[in-house]
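Side chains included, hydrogens not; waters and symmetry mates left out as well; all remaining heavy atoms used. A note on names: the letters A, B, ... follow the listed sequences, proteins ahead of strands, and every chain is numbered from 1.
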There are 2 protein chains.
Amino acid sequence: MNLDNVPDIIVSRLPVYLRALERMYDHAIMTTSSQELGEKVGISAAQIRKDLSQFGEFGKQGTGYHIPFLIEHLRRILHVDHPWNVVIVGMGELGHAIARYQGFSVRGFRVAMCFDSDPTKIGRPVFNDLKMSGLSIQDEKNLVEALRGSNIKMAMLCVPASAAQAVTDVLVEAGIKGILNYAPVNLVTPRDIRVQYIDPTVGLQRMAYYIKE
Amino acid sequence: MNLDNVPDIIVSRLPVYLRALERMYDHAIMTTSSQELGEKVGISAAQIRKDLSQFGEFGKQGTGYHIPFLIEHLRRILHVDHPWNVVIVGMGELGHAIARYQGFSVRGFRVAMCFDSDPTKIGRPVFNDLKMSGLSIQDEKNLVEALRGSNIKMAMLCVPASAAQAVTDVLVEAGIKGILNYAPVNLVTPRDIRVQYIDPTVGLQRMAYYIKE
DNA sequence: TAGATTGTTAATCGATTAACAATC
DNA sequence: TAGATTGTTAATCGATTAACAATC
C-alpha cells in the first residue's frame, strides 16, 4: 500500500465509484459487492477490488462493502472530506451558467470568487437562481493578489480559447494547482499543476466515429 | 490498416488532435510535425505517429504533416465532415445553457430538437442569445415518435440523475446511438450505444487527490 | 456448516516507447 | 547532399483479468 505510486488511471476511477456509492446510499442501500458496484459503473469486479486494495482493506469476505464506511474512506482518500473553494475565470455565458449551477456546492465545491477582464462586467453581482449569490465579478487584473490571500487552489477556466493559455499562466502564478478547463484548447502547465478537460464537442466526436451513416 | 480493430483509446485521442490542428490552421500554420503536435496536446510524438498510422499515411518524411490535408482526413475518419443534428433532453438550467451555447454549431453539431416532461415548459420557445432559436420545447411523451422520423442519432442528456436511466431507455428505443450524459450517473445501455460522460465534479475530485493541504 | 465475497498473486493482454531504415 | 521526419518493428512497460486461498 504505497500511496505515492498509485497510477493516475486508478485515481481517476475513484470519483466514479464514490458517485455510485453515494447514489446507493441515497437509496438507503447500505451494503454492496465489487460485483454489484462493477455492474453499475461498467467496470469489472476484479478491477474494483484491485483499485481499492491500493488504499487499504475496506471489505469483508462473504458480505462485501459497508457503503457508508467506504464512502467515508474514498472521500478522505480523494481529499473531498471537506469543502473546497474554487474560482471561476471568465464570466461569459458559460461562466455564468457554472456560477448558477447548484450541483457543485452539493458535492463540496463552492464558487468563492469570479473574475473577468471586461470592464463592463466588473463589479456586477452574480445571480444564483433569482437571488444574488453574494458574489460580484472582480477585475482579472487583481487575480494574483486576490488568490494569494485566499485558500483557493482550484480554478474553472471559462475564457475563450484564444485567452486560455495566457490566463492559465496567471493562475499558475497565483498559486492555483488544479484547473478545470472548459476552453477547447490543450494547456501547457508546469508538471505539478493538474488539468482536467471538459469539451463536450470532443465527446460528441468520439461517438460520431462509431455511428454508421 | 484494419479499421474494424482500432482501439477505443486511439479513437478517443483523434478529436484532440483535430482540435489542435484546427487551431493551428486558424493561426495560418499549414505544416506541423508529430513532435510539435505532441507538445501541444501533451502526447509523445511516437504515439501520434502510431495513432495516425492506423488510418493511413498522412505525412511526408523530412517535412511532417500538411495541416489542411490531415484535418480533412481526421474529419472524415471521425465522421464529422458533415453536420450532425442532436437532441437535448431535459430543459432545466443546464439544458437551456447548452441550447444557448454557440460552440456546438461552430464545430458541426446542431441542436435540432429539445424535450422536457414538465407541462409548464412544453411549447415554450428556446432563446439563443437574445433572439429566438426557432426551437420550442417539445413534450417528452412524443420523443420516440419525433426521433423516429428524424435523422438524429445523438442526444445530450440533461435531466436529473433520478430520471437519467429511464430517459436513456426511451432514447435507445427511439434509435439514438450516442448519448452525451451530463447527469451524474453511470448509464446502463446495450453494447452498440455509446455514452460519453460530462461530470465536472468528477474532474474536480480527480484533481483534489493530488493537491496537498 | 455452506455460500459468498474479499484481497492478492500470477498470467494475460494491450498500450507506449525507443529505435531506425526509408525517404522527402 | 545533409538534415529532418515519417511509418513501422521490436522491446518495454503497465493495466486488466482469472483464479483461488482466506475468511466472514
>> Strictly below 4.0 Å, N to O, side chains only: are A:Arg107 and B:Asp199 in salt-bridge contact?
In response: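 Counted as a salt bridge, because a side-chain N and a carboxylate O are separated by less than 4.0 Å.
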
> Does B:Glu22 come within less than 4.0 Å of B:Arg75, counting only side-chain N to carboxylate O?
Replying inline: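 Between B:Arg75 and B:Glu22 there is a salt bridge, with a charged N closer than 4.0 Å to a carboxylate O.
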
In chain order, what residues pass the side-chain contact (heavy atoms from CB on, under 4.5 Å) check against [X], with sequence neighbours excluded?
X	answer
A:Ile67	A:Leu21, A:Met24, A:Tyr25, A:Ile29, A:Thr32, A:Ile71
A:Arg23	A:His27, B:Ala161, B:Val185
A:Asn142	A:Asp139
A:Val126	A:Met91, A:Ala99, A:Cys114, A:Ser133, A:Leu135, A:Ile137

Take the protein atom [atom1] of [X] and the nucleotide atom [atom2] of [N], then report the distance between them rounded to whole Å.
X	N	atom1	atom2	result
B:His73	D:dG7	NE2	P	12 Å
B:Gln47	D:dT8	CD	P	16 Å
B:Asp51	D:dG7	CG	C1'	13 Å
A:Arg49	C:dT5	CZ	C1'	7 Å
A:Ile48	C:dT5	CD1	C1'	13 Å
B:Glu57	C:dA21	CD	C1'	14 Å

For nucleotides 10-14 of chain D, which of its nitrogen or oxygen atoms have a protein nitrogen or oxygen under 3.5 Å away, and what is each distance?
none

> Sequence neighbours excluded, which residues qualify as salt bridge (charged side-chain N to carboxylate O under 4.0 Å, His left out) partners of B:Asp192?
Replying inline: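 With neighbours one apart ignored, the set is B:Lys177.
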
>> B:Gln165: which residues meet the side chain to side chain donor-acceptor pair (under 3.5 Å) condition with it, sequence neighbours left out?
In response: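 B:Gln165: side chain to side chain donor-acceptor pair (under 3.5 Å) contacts with B:Asp169.
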
>> Which residues pass the side chain to side chain donor-acceptor pair (under 3.5 Å) test with B:Tyr210, not counting sequence neighbours?
In response: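 By the side chain to side chain donor-acceptor pair (under 3.5 Å) rule, B:Tyr210 matches A:Asp8.
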
> Using 30° and 60° as the class limits, which term best fits the ring planes of A:His73 and A:Phe58: parallel, tilted or perpendicular?
Replying inline: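 A:His73 vs A:Phe58 ring planes: tilted.
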
>> Under a 3.5 Å cutoff, is there a donor and acceptor pairing between the side chains of B:Arg110 and B:Ser105?
In response: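 There is no such pair (donor and acceptor under 3.5 Å, judged by atom type) between the side chains of B:Arg110 and B:Ser105.
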
>> Take N1-N3 plus N6-O4 or O6-N4 for Watson-Crick, N1-O2 plus O6-N3 for G-U, both under 3.5 Å. Which runs of 3 or more such pairs involve DNA chain D?
In response: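 Correct response: C:3-24 with D:3-24.
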
>> Quick check: closest heavy atoms across B:Arg206 and A:Val11, and the distance to 0.1 Å?
In response: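 Minimum heavy-atom contact is O-CG1, 4.3 Å.
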
>> According to side chain to side chain donor-acceptor pair (under 3.5 Å), does anything in residues 144-155 of chain B pair up with another residue at least two apart or in another chain? List the pairs.
In response: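 Passing the test, one end in residues 144-155 of chain B: B:Asn85-B:Asn151.
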
> Which residues, if any, of residues 58-72 of chain B bring a heavy atom under 4.0 Å of DNA chain C?
Replying inline: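 Here the set is B:Lys60, B:Gln61, B:Gly62.
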
> Among residues 22-46 of chain A, which residues get a heavy atom nearer than 4.0 Å to DNA chain C?
Replying inline: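 Correct list: A:Ser33, A:Ser34.
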
